[in-house]
Amino acid sequence: MTAFDVQDFVDRQPLSRAHYIAAVLALLAMFVDGFDIFMLGKIAPAIAKGMHVSPAAMTLVFVAQQIGLALGSFFVSPLSDFFGRKRLLVVSFVLFGLLTIAGAFSQTIMQLAVLRGIAGLFLAGVLPAALALVSEIIPGRHRSAVTGLAMAGYSAGNAAGASVAFLVPVYGWQGALWLGGLMALALVPILIIFLAESPIHLAMRRPSDPRIGQTLTTIAPTLKLQGDEVFILPTGPRSSKASVWDVLRHGRAPTTITIWLCYLFSMGNIALLAAWLPTFFQEMAGISIQKFAIALMISLVGGLAGMSSVGFLMDRIKSIWLLTAYFVGNAVTIAALGRVPFHNPGFFVLLTAFSFCQASGQGGLNILLSQYYPPAIRSTGLGWAGGVGRIGGIIAPGLGGAALMHSLSLKTTLGLVALSPCVVVLLLTFVLRPAGVTAHVTDMPDPVAPIPQA
């Protein structure tokens with residue numbers, strides 16, 4: 001019997017066709033996930049009008065979806081560490097695709113809220129599983145850059161969701177749900193046929209699994225296996241299900257809790273703006289959702305540039321300083337959006353800069369965590385951080401609804417929203433930076449690898 005170190009083999013490989021396929025499929029998965037999560041916020045006024053309620057009544061739908069996303073992050077995402085990255089992705093796309101289409105038949109806000117809440121359980125499983133798979137199949141020296149490129153799909157899906165505003169005059173708001181659901185279902189056979197399971201996950205679960213050798217030869221076609229290999233990891237196999245206690249043990253707790261707080265404020269802010277920004281501009285500034293959709297689609301350039309570049313830059317610049325700069329930019333641009341007139345050409349530049357900073361900041365946090373936790377608890381760590389972030393997403397949309405009910409001005413509303421990334425800046429600067437953490441990490445859990453930073 002020959003011991004074969006899977007982690008070492010993966011890290012020594014040059015980028016190959018198999019790596020590019022995995023990255024592209026992860027990008028597509030995150031595109032559809034981002035599209036389906038954020039699309040309702042782009043047409044909230046149209047849904048409210050179609051159901052004969054006030055725009056503020058859509059708060060129930062947004063909160064229900066965020067509750068589903070939170071519960072999914074806590075309880076569905078960790079299943080990827082037990083059943084596999086690919087399997088969870090496939091199941092998640094089937095279920096949330098069907099539930100999204102079912103939402104098109106809703107007759108009341110409550111019906112839509114319930115269906116979006118259940119769909120959120122499975123929408124939450126996509127990003128952690130996709131990030132875990134990419135981080136375990138891409139060689140270490142390219143991992144941050146490729147992960148950032150894959151996450152550009154999530155940002156692109158968010159921005160592309162603005163296009164559903166143009167379906168409303170022809171197909172009604174139901175057309176958006178049909179499109180989102182069919183996109184998810186169409187991706188399922190592609191994932192089944194072309195997506196390889198993470199060899200590191202397979203080795204972690206069962207070192208004798210024949211799929212490990214098949215995947216490794218796909219990554220490196222010149223690899224010749226003798227058939228007597230025992231595929232191992234430096235950390236050894238793991239047979240039990242990962243739990244939240246694993247992300248807090250061995251000195252991880254202070255850093256994990258701090259990152260959870262960063263996720264709470266960052267993702268809460270993203271959820272609030274994704275749900276209400278078009279409505280804020282329609283109700284507070286008289287800008288139609290179709291006009292604002294055009295602006296959002298233009299800003300796609302900023303989100304794509306941010307997600308595509310953040311991993312590359314994190315490999316070369318001290319991570320905490322870089323993330324701090326992104327969240328400072330996020331706060332400044334949010335506040336400025338309430339002050340610069342929509343028809344001013346500078347508004348489009350500002351919205352693009354906002355998209356860049358928001359995508360880069362949250363994307364950087366995701367990359368940071370995907371490399372912090374060892375493979376056995378990677379999806380669990382990402383899932384629980386996302387779950388805490390979704391709690392912010394449950395609270396924040398309610399605040400947006402309150403701003404509408406109290407008829408606050410756009411300037412005041414966005415000025416208050418800008419406080420959230422300021423809190424993240426304080427956490428990054430005064431809590432994580434003094435911890436003296438390093439720029440690069442390994443996957444060794446004991447002692448735990450330091451989180452990427454300065």
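Here the CE atom belonging to M267 is positioned 13.5 Å from the CH2 atom belonging to W260, to the nearest 0.5 angstrom. To the nearest 0.5 Å, atom OG1 of residue T258 and atom CG of residue L261 are 6.5 Å apart. To the nearest 0.5 angstrom, D36 atom CG is 8.0 Å from L179 atom CG. Within the model, atoms OG of S77 and CG of L69 stand 9.5 Å from one another, a figure rounded to the nearest 0.5 Å. Atoms CD1 and CD1, on I294 and I289 in that order, are 11.5 Å from each other to the nearest 0.5 Å. In this structure, L368 CG and C262 SG are separated by 9.0 Å, a value rounded to the nearest 0.5 Å.
Shortest non-hydrogen contact noted between L177 and A104 is CD1-N, 3.5 Å. Residue A418 comes nearest to A331 through the heavy atom pair CB-O, 3.4 Å, listed as atom of the first residue, atom of the second, then distance. Contact between F194 and I21 at its shortest, heavy atoms only, is O-CG2, 3.9 Å. Across every non-hydrogen atom of P397 and V63, the tightest pair is CB-CG2, 4.4 Å. Scanning all heavy atoms of the two residues, the minimum distance from L133 to A196 falls at CD1-O, 3.6 Å. In this structure, V164 and A176 approach most closely via the heavy-atom pair CB-CB, 3.7 Å.
A distance of 6.0 Å or more separates the ring centres of F35 and F38. Side-chain rings of F31 and Y154 stay apart, their centers remaining 6.0 Å or farther from each other. Taking the six-membered ring for Trp and the full ring otherwise, the centers of F281 and F347 sit less than 6.0 Å from each other. Taking the six-membered ring for Trp, F74 and W384 have ring centres closer than 6.0 Å.
Of the possible donor and acceptor atoms, one in the side chain of S420 sits under 3.5 Å from a partner among the backbone N and O of F265.
When side chains are defined from C-beta on, I391 does not count as touching Q66, because their heavy atoms never get closer than 4.5 Å. Side-chain atoms of I190 and L25, non-hydrogen and from C-beta on, do get closer than 4.5 Å to each other. Contact annotation: the side chain of T147 approaches that of L131 to within less than 4.5 Å [non-hydrogen atoms, C-beta and beyond]. A 4.5 Å side-chain heavy-atom check between L351 and L296 finds at least one atom pair inside the cut-off. Contact of the L71 side chain with the V76 side chain is not registered, since no non-hydrogen atoms from C-beta on lie closer than 4.5 Å. Within the 4.5 Å cutoff, the side chain of L123 has no heavy atoms near those of the S92 side chain. Contact annotation: the side chain of F356 approaches that of Y326 to within less than 4.5 Å [non-hydrogen atoms, C-beta and beyond].
Using cut-offs of 30° and 60° on the angle between ring planes, the pair W276 and F280 is parallel.
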Legend entry - Working for side-chain contact (heavy atoms from CB on, under 4.5 Å), residues W178 and Y171: CA-CA 10 Å; W178 274 100; Y171 301 103; over 6 Å; no
Legend entry - Derivation and outcome, side chain to side chain donor-acceptor pair (under 3.5 Å), residues E136 and S198: CA-CA 6 Å; E136 290 167 7; S198 158; 2.6 Å; yes
Legend entry - From CA spacing to verdict: side-chain contact (heavy atoms from CB on, under 4.5 Å), F327, L365: CA-CA 11 Å; F327 280 99; L365 287 176; 3.8 Å; yes
Inset, instruction - Could you walk me through whether V91 and F96 pass side-chain contact (heavy atoms from CB on, under 4.5 Å), step by step? - result: CA-CA 9 Å; V91 171; F96 85 69; over 6 Å; no
Inset, instruction - Let me see the working for Q65 and I37 under side-chain contact (heavy atoms from CB on, under 4.5 Å), right down to the final yes or no. - result: CA-CA 8 Å; Q65 178 172 286; I37 286 176; 3.9 Å; yes
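Side chains of R116 and T100: a donor-acceptor N/O pair is present below 3.5 angstrom, by distance only. Counted by atom type alone, R85 and S80 present one or more donor-acceptor pairs between their side chains at under 3.5 Å.
More than 12 heavy atoms of other residues, nucleotides or ligands sit less than 6.0 Å from atom CZ of F166.
None of L428, L427, V424 except one satisfies the side chain to side chain contact (heavy atoms under 4.5 Å, CB included) rule with T324; the exception is L428. With respect to S266, the side chain to side chain contact (heavy atoms under 4.5 Å, CB included) criterion is satisfied by exactly one of L264, I270, N269: I270.
A salt bridge between R141 and D11 is absent, with no side-chain N of the basic residue lying under 4.0 Å from a carboxylate O of the acidic one.
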